Undergrad: 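Quick one: this structure, given as structure tokens, is what I'll be asking you about.
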Amino acid sequence: MRNRKIYISGTGCALADFLYNQVDFTAHIFQKFASKTSSDGGLSPGKLVFTNELESFTKKSYPEILRELVGKSEYSSFNLGGPSLVALIHAAQMLPQTQYQVSFYGCTGTDETANLIRQKVAKTPLNTDNYITIPVEDTAFTHVLTDPAFDNGHGERTFINNIGASWKYKSEFLSNSFFDADIVCFGGTALVPQIHDNLELLLQIVKSRGGITIVNTVFDFRSEKENPGKKWPLGQTEECYKNIDLLVMDFEEALKISGHSTMKEAATFFITNYVSSFIITNGNKDILAYSNGSIFKHLPLQAFPVSDQIGI
């Protein structure tokens, strides 16, 4: 029987998602801001662009751009977002607090968005003692524009992201309690640049202290912008992978991070670089999973259906 509390800590992407419904992607005003070539900073259905890139592309301020896109409409809904914050909240809600403590390490700015996030997070069992305020105005946010009629009624979204205060969040803000946790999670660090660029060292520290490491990725828009079509860095060298106990990616991220063009090649890359276990999702298609047996039960590379019902 377990006689002590298990500690889980995590850092990475945490932001506010503001949803705007009924934005017509075929309308003149949207097309005015639409991308002309890959990674040029314009809007593109299904993809994300940073506010500063959109400003450079349009030669307008982002508040002005947003007013033109949505008019006087207020956002339809507000949600907590970010693959680090949301995953940790889910873990905190599912695990008994008498046996587990789940903590988030990150930052907000000083604006109203920060207040909205903190009010929602306060209603959850997530420990936020290390969720700090950085004295800059903007808290990270994503404006999600939705066109339900796009693609013959299948619908689509486009995403406009402001990294905001997350630009300023440094690995130096991570205290000993972060590294000493039993399980340490790095979620969507590509949207927290100074954490992402030091990921290899941070993973080494966790492993040196006996912790289990989990990394879940997001589309690395910064790397794709800087080197279109090139392999994305995850850590400074491929030595990074041997310190990852569980790596979770989607299909496109797995290809980009590995530098390969097929799912099988990408999986082989992660296996030969000693990732202990990984999961690759692919929308409603099969999930690919692997474990070398060091943390989880040994599992040769194997496909699993998301749901048998989806294919019907």
Side-chain angles (χ1 to χ4, degrees), residues 10-15 38-39 44 46-50 53 82-84 86-87 142 159 161 163 166 171 184-207 212-283 285-292 294-296 299-304 306:
T11 191
C13 182
L15 46 75
S38 178
S39 302
S44 184
K47 296 185 178 181
L48 180 149
V49 65
F50 293 120
E53 293 177 355
S84 181
V86 171
T142 300
F159 308 87
N161 177 266
I163 292 180
S166 295
S171 55
V184 182
C185 310
F186 298 89
T189 56
L191 293 175
V192 188
Q194 295 195 63
I195 297 297
H196 193 70
D197 293 346
N198 287 288
L199 186 59
E200 185 169 332
L201 174 60
L202 300 177
L203 288 165
Q204 287 175 357
I205 296 172
V206 176
K207 294 307 296 178
I212 294 171
T213 58
I214 300 174
V215 175
N216 61 300
T217 63
V218 291
F219 194 98
D220 189 348
F221 300 95
R222 186 168 58 117
S223 292
E224 188 64 24
K225 176 70 175 180
E226 292 173 357
N227 296 291
K230 303 295 184 181
K231 182 180 174 182
W232 296 345
L234 188 68
Q236 292 179 315
T237 72
E238 291 179 358
E239 288 290 301
C240 180
Y241 295 105
K242 68 182 183 183
N243 288 315
I244 301 176
D245 292 313
L246 174 61
L247 178 60
V248 183
M249 310 154 282
D250 72 13
F251 173 70
E252 186 171 14
E253 291 155 10
L255 297 186
K256 293 285 190 176
I257 292 168
S258 68
H260 291 285
S261 58
T262 69
M263 180 92 87
K264 186 174 182 179
E265 289 173 334
T268 300
F269 170 86
F270 296 117
I271 292 171
T272 57
N273 279 285
Y274 306 107
V275 174
S276 174
S277 55
F278 60 80
I279 298 169
I280 303 174
T281 65
N282 192 15
K285 298 179 182 177
D286 286 356
I287 291 170
L288 201 61
Y290 164 84
S291 170
N292 66 10
S294 61
I295 298 291
F296 304 103
L299 178 71
L301 189 64
Q302 191 171 337
F304 296 89
V306 175

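This one's a predicted model, so the numbers in the text were calculated from it and none came from an experiment.
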Undergrad: Roughly how far apart are Ile244 CD1 and Cys240 SG, rounded to 0.5 Å?
TA: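 The CD1 atom of Ile244 sits 4.5 Å away from the SG atom of Cys240.
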Undergrad: The criterion is side-chain contact (heavy atoms from CB on, under 4.5 Å); which residues satisfy it with Ile214, sequence neighbours excluded?
TA: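 Scan of Ile214 (side-chain contact (heavy atoms from CB on, under 4.5 Å), adjacent residues dropped) gives Ile183, Cys185, Leu246.
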Undergrad: How close do Leu301 and Ala267 get, heavy atom to heavy atom, and via which atoms?
TA: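 Taking Leu301 first and Ala267 second, the nearest heavy atoms are CD2-CB, 3.7 Å.
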Undergrad: Which value, rounded to the nearest 0.5 Å, describes the distance between Phe304 atom CZ and Ile279 atom CD1?
TA: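 Phe304 atom CZ to Ile279 atom CD1 measures 9.5 Å (nearest 0.5 Å).
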Undergrad: Could you report the tightest heavy-atom contact between His196 and Leu234, atom names first, then the distance?
TA: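 The pair with the smallest heavy-atom distance is CE1-CD1, 3.8 Å.
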Undergrad: Identify the heavy atoms of Phe186 and Leu203 that sit nearest to each other, and give their distance.
TA: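 It is CE1-CD2, 3.7 Å.
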Undergrad: List in chain and number order the residues that pass side-chain contact (heavy atoms from CB on, under 4.5 Å) with Ser294, two or more places apart in sequence or in another chain; answer none if no residue qualifies.
TA: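 Ser294 satisfies side-chain contact (heavy atoms from CB on, under 4.5 Å) with Ser276, Asn292 only.
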Undergrad: Rounded to the nearest 0.5 Å, what separation is found between the CG atom of Leu202 and the CG atom of Asn243?
TA: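 Interatomic distance, Leu202 CG to Asn243 CG, rounded to 0.5 Å: 11.0 Å.
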Undergrad: Search all heavy atoms of Gly188 against all heavy atoms of Cys13 and return the closest pair with its distance.
TA: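 Shortest heavy-atom contact: O-CB, 3.4 Å.
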Undergrad: Around Lys47, counting heavy atoms of other residues, nucleotides and ligands shown, do more than 12 lie under 6.0 Å from its NZ?
TA: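 No.
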Undergrad: Looking at Phe269, is its backbone amide N or carbonyl O close enough to the side chain of Ser258 to form a donor-acceptor pair, meaning the two atoms are under 3.5 Å apart?
TA: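 Checking the backbone N and O of Phe269 against the side chain of Ser258, no donor-acceptor pair under 3.5 Å is found.
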Undergrad: Can you give me the closest heavy-atom contact between Ala266 and Ala254, atom names plus distance?
TA: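 Residues Ala266 and Ala254, closest heavy atoms: CB-O, 3.8 Å.
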Undergrad: Please check this pair: side chain of Gln236 against backbone of Glu200, looking for a donor-acceptor N/O pair closer than 3.5 Å.
TA: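 Not at all, since once roles are kept as given, no pair shorter than 3.5 Å links the two residues.
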Undergrad: So how far is it from Leu288 CG to Phe270 CZ, rounded to the nearest 0.5 Å?
TA: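 Rounded to the nearest 0.5 Å, the CG-CZ separation comes to 11.0 Å.
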Undergrad: Knowing that exactly one of Asn216, Asp197, Asn198, Leu199 qualifies, which makes a side chain to side chain contact (heavy atoms under 4.5 Å, CB included) with Thr189?
TA: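 The option that passes is Leu199.
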Undergrad: Return the minimal non-hydrogen interatomic distance between Ser84 and Gly187, and the atom names on each side.
TA: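 The pair with the smallest heavy-atom distance is CB-O, 3.5 Å.
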Undergrad: Keeping to residues at least two apart or across chains, list the salt bridge (charged side-chain N to carboxylate O under 4.0 Å, His left out) pairs with something in residues 228-239.
TA: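 Non-adjacent pairs meeting salt bridge (charged side-chain N to carboxylate O under 4.0 Å, His left out): Lys231-Glu238, Glu239-Lys242.
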Undergrad: With rounding to the nearest 0.5 Å, note down the distance linking OG1 in Thr213 to CD in Gln204.
TA: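 Those atoms lie 11.5 Å apart.
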Undergrad: Main chain of Ser223, side chain of Asp220: is a donor-acceptor contact present, judged purely on distance under 3.5 Å?
TA: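 Checking the backbone N and O of Ser223 against the side chain of Asp220, a donor-acceptor pair under 3.5 Å is found.
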Undergrad: Verify whether the ring centers belonging to Tyr290 and Phe278 lie closer than 6.0 Å.
TA: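 Tyr290 vs Phe278: aromatic centres under 6.0 Å.
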Undergrad: With the side chain counted from C-beta on, respond yes when Val306 and Asp286 share a heavy-atom pair under 4.5 Å apart, and no when they do not.
TA: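 The answer is no, as the side chains (C-beta and beyond) never meet within the 4.5 Å cut-off.
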Undergrad: Taking side-chain contact (heavy atoms from CB on, under 4.5 Å) as the test, write out the residues that go with Phe221, two or more places apart.
TA: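 Phe221 satisfies side-chain contact (heavy atoms from CB on, under 4.5 Å) with Leu48, Phe50, Phe219 once adjacent residues are dropped.
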Undergrad: Please enumerate all residues that pass side-chain contact (heavy atoms from CB on, under 4.5 Å) together with Ala87, with sequence neighbours excluded.
TA: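 So Ala87 forms no side-chain contact (heavy atoms from CB on, under 4.5 Å) with any residue.
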Undergrad: I'd like to check Leu201 versus Ser171 (side-chain heavy atoms, cut-off strictly below 4.5 Å). Are they in contact?
TA: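 The answer is no; the side chains never approach within 4.5 Å.
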Undergrad: Verify the distance criterion only: is there a donor paired with an acceptor across the side chains of Thr262 and Glu265 at less than 3.5 Å?
TA: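 There is such a pair between these side chains.
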Undergrad: Decide yes or no for Leu191 and Val218: does some side-chain heavy atom of the first lie under 4.5 Å from some side-chain heavy atom of the second?
TA: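 Counting from C-beta outward, Leu191 and Val218 do come under 4.5 Å.
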Undergrad: Taking atom CD1 of Ile280 and atom CD1 of Ile287, what is their separation to the nearest 0.5 Å?
TA: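 Between atom CD1 of Ile280 and atom CD1 of Ile287 there are 11.0 Å.
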Undergrad: Any pair with a residue in residues 246-260 that passes salt bridge (charged side-chain N to carboxylate O under 4.0 Å, His left out), sequence neighbours left out, goes on the list, sorted by first then second residue, please.
TA: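 Sorted pair list: Glu224-Lys256.
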